[in-house]
Protein chains: 2
Amino acid sequence: MNLNSKGHVLPSVNNTPGYRKVAETIEGEILKGNLKVGDLLPIESDLAAQLGVNRSTIREGIRALENSGLLRRVEAKRLVIAAPDATMIARANSRAMGLNRVTFQELWELQMELEPFAAQLAAERINEDQSHRLLATIKELEDNLANDEAVIQHDIAFHNLIADATGNRALCLSAAPIGMLLFSATEDLYRNVPRARHRLLEAHRAIAEAIVRHDAPGARGWMAKHIQDFRRGYEAGGLPLDAPISFDARAFG
Amino acid sequence: MNLNSKGHVLPSVNNTPGYRKVAETIEGEILKGNLKVGDLLPIESDLAAQLGVNRSTIREGIRALENSGLLRRVEAKRLVIAAPDATMIARANSRAMGLNRVTFQELWELQMELEPFAAQLAAERINEDQSHRLLATIKELEDNLANDEAVIQHDIAFHNLIADATGNRALCLSAAPIGMLLFSATEDLYRNVPRARHRLLEAHRAIAEAIVRHDAPGARGWMAKHIQDFRRGYEAGGLPLDAPISFDARAFG
DNA sequence: CATTATCCGATTGTCGGACAATGGTCCAGC
DNA sequence: GCTGGACCATTGTCCGACAATCGGATAATG
């Protein structure tokens, strides 16, 4: 910390504000394992005393960490050290990609590489419980084919389930934001090309069945076909491939 | 906002604290395009007046957004709306993966899928400038082969350059955190297996040359070989594949 | 007139203190 | 031993103040 008696930094060449140093200090303690996941964060007053700054400054530092998922509330009051949640990271990533005006083309290209791979791995490794949930999602889609919003939510969830089934959390984290962005951009698609939803259902069914019967090549093949088809549908729906993806604020609320 | 005269929330069922609502409000304005990237964030006092809360509360909300990259300082004072920076996102992602105790195995599996793909795309699309930088990085490695820290930094930078050369920002964002984690975990490797660094140099040279001469299949092949070899080296170095990756706090400072 | 030095206002960073709300704790009484 | 209420700890919010500093306006200078 090193603040002088009045709480202001000593010389002049110390640009980083106090709240940032607080955040970095706490983050450092977490990364160094000094504060372990699950531990309670010390109360604000103690932190203020320990780091020699005012409670307000501590609070500002905490907010930064809280937002990035390193701190999480458990009992409405105290904060605990936590590992960033997957969906929170996915949200941050899609937000970043969206604001960086990533194009459909870029996202699709990556998805075309990741999703068939995920499907293949999932087919090799999926367990009973995950199989059940995968098939249940398909059923749910059947019942809500008319509801565009529900179709989109299903689409995202379906692909997330497959990623989950690979048991590879790195893959989950990488794939989630892509699906989140691509699929939430398909709203217009279902309006412009109503039968797209039926093709979606059939494709998902074929993929799910292949995965559940542990047919890895089949799962990969169906998924590749599905993603290709998704692009054709997007194009046929009159949506531009090279424009920044129009990302829907609602998906991130 | 909806705070009562004393600045406290009206009923009881309103759990979300004010600073979070502030953050969400501002984030919403950004995502809705009401505040565009590059715009100056209104000054704290104005925001406080607009949202009907105290300046302290506004500040806490701002901290959250600042940390996630949506706000960035330009002139040491005012904050501007910004698109989250790629390296900042990569840092957040690797931190998340590390704290979630992702294993080497998981990361490597994904890398084995992504990197050859990236190398292939890079070979198809790399431009003059990028070629130059790629080769320069190799030269730099030659001069610093003895410095383990420099070797690791080169390794990360080299793979990032290749991702850049694909022109696919989604791919960049996905690949960066993986490299960041995997390569910074190789510190012990170079100590235990000194000649690993020479193999690294040769492999990188072969990959770079293939990319620069636009030999896509060659680039993919060399890269695949390189990643396979990386795993063998990691294993040979006595590092555990199934343990959570030991991630170095220094890489995230 | 152009250039530099100076000053001033606007804005952020930090402080200290205050208080309401609320969850948790602990003791009294049954 | 259990329950209910008093009490305390902790967070969320507000308020007012002030130092530091950046940017621009203004004055001094050649």
Side-chain angles (χ1 to χ4, degrees), chain A residues 1-26 35 38-67 70-82, chain B residues 1-26 35 38-67 70-82:
Chain A
M1 245 4 46
N2 257 348
L3 303 181
N4 68 21
S5 58
K6 272 284 157 56
H8 300 287
V9 294
L10 323 148
S12 54
V13 256
N14 205 340
N15 262 344
T16 54
Y19 59 79
R20 176 132 297 279
K21 287 197 261 183
V22 168
E24 280 166 13
T25 302
I26 298 179
L35 284 171
D39 288 356
L40 282 160
L41 186 74
I43 65 173
E44 295 169 355
S45 324
D46 286 0
L47 286 173
Q50 255 176 259
L51 299 183
V53 297
N54 191 275
R55 195 180 139 222
S56 310
T57 307
I58 294 286
R59 297 193 106 245
E60 294 191 25
I62 288 180
R63 288 311 144 244
L65 298 179
E66 190 182 7
N67 194 60
L70 268 72
L71 300 177
R72 170 188 239 90
R73 8 189 43 80
V74 269
E75 311 155 336
K77 276 220 186 292
R78 299 295 296 276
L79 289 164
V80 295
I81 316 297
Chain B
M1 238 12 43
N2 257 349
L3 303 182
N4 69 20
S5 58
K6 272 282 156 53
H8 299 286
V9 294
L10 322 149
S12 53
V13 258
N14 206 341
N15 263 343
T16 55
Y19 58 80
R20 175 133 297 280
K21 287 197 262 183
V22 168
E24 280 165 12
T25 302
I26 298 178
L35 284 171
D39 287 358
L40 281 161
L41 185 75
I43 66 173
E44 296 169 355
S45 323
D46 287 359
L47 286 174
Q50 257 175 259
L51 300 183
V53 297
N54 190 273
R55 195 180 138 222
S56 308
T57 306
I58 293 287
R59 296 193 105 245
E60 294 191 27
I62 288 180
R63 289 310 144 245
L65 299 178
E66 191 183 7
N67 194 59
L70 268 71
L71 300 177
R72 171 189 237 88
R73 358 191 51 80
V74 270
E75 311 154 335
K77 278 227 186 286
R78 299 295 296 278
L79 290 165
V80 296
I81 317 298

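Each chain gets a letter, A, B and so on, in the order the sequences are listed, and its residues count up from 1. Since the structure is predicted, the reported quantities are computational estimates derived from the model, not experimental observations.
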OP1 or OP2 of C/dT14 versus the side-chain N and O atoms of A/N54: is any pair under 4.0 Å? no
Rounded to the nearest 0.5 Å, the CD1 atom of A/I81 sits from the CG atom of A/L35 at a distance of 4.5 Å
Can you tell me how far C1' of C/dT12 sits from CG of B/L40, to the nearest Å? 14 Å
Would you please name every residue forming a side-chain contact (heavy atoms from CB on, under 4.5 Å) with B/R59, sequence neighbours left out? A/E60, B/E44, B/R55, B/R63
Could you check A/L79 against A/S56 and say which one's nearest nucleotide on DNA chain D is further toward the 5' end? A/L79
d(CZ, B/R20; P, D/dT13) in whole Å: 11 Å
What is the distance, to the nearest angstrom, from the CD1 atom on B/I58 to the P atom on C/dT11? 15 Å
Respond yes when some side-chain nitrogen or oxygen of A/S45 is under 4.0 Å from OP1 or OP2 of D/dT10, and no when none is. no
Roughly how many Å is it from CZ in B/R59 to P in D/dC15, rounded to a whole number? 16 Å
Value in whole Å for how far the C1' atom of C/dA10 lies from CG of B/L41: 15 Å
For A/L47 and C/dC15, give me the distance from atom CG to atom P, rounded to whole Å. 14 Å
Answer with base, sugar-phosphate or nothing: what part of the nucleic acid does B/R73 contact at a heavy-atom distance below 4.0 Å? sugar-phosphate
Between C/dA20 atom C1' and A/K77 atom NZ, what is the distance in whole Å? 10 Å
Donor-acceptor pair present, A/R55 side chain and D/dG12 base, under 3.5 Å: yes
For the CZ atom of A/R20 and the OG1 atom of A/T57, what is their distance to the nearest 0.5 Å? 13.5 Å
Contact under 4.0 Å: A/Y19 side-chain N or O vs C/dT14 OP1/OP2: no
Verify the contact: side-chain N or O of A/R78 to OP1 or OP2 of C/dT22, cut-off strictly under 4.0 Å; return yes or no. no
Contacts of A/L47 meeting side-chain contact (heavy atoms from CB on, under 4.5 Å) (sequence neighbours excluded), chain-then-number -> A/I26, A/L41, A/P42, A/I58, A/I62
Name the nucleic acid region contacted by A/R63, choosing base, sugar-phosphate or nothing; use a 4.0 angstrom heavy-atom cut-off, strictly under. sugar-phosphate
Answer yes or no: is there a side-chain heavy-atom contact under 4.5 Å between A/L71 and A/V80? no
Send over the distance from A/E60 CD to D/dC14 P, rounded to a whole Å. 14 Å
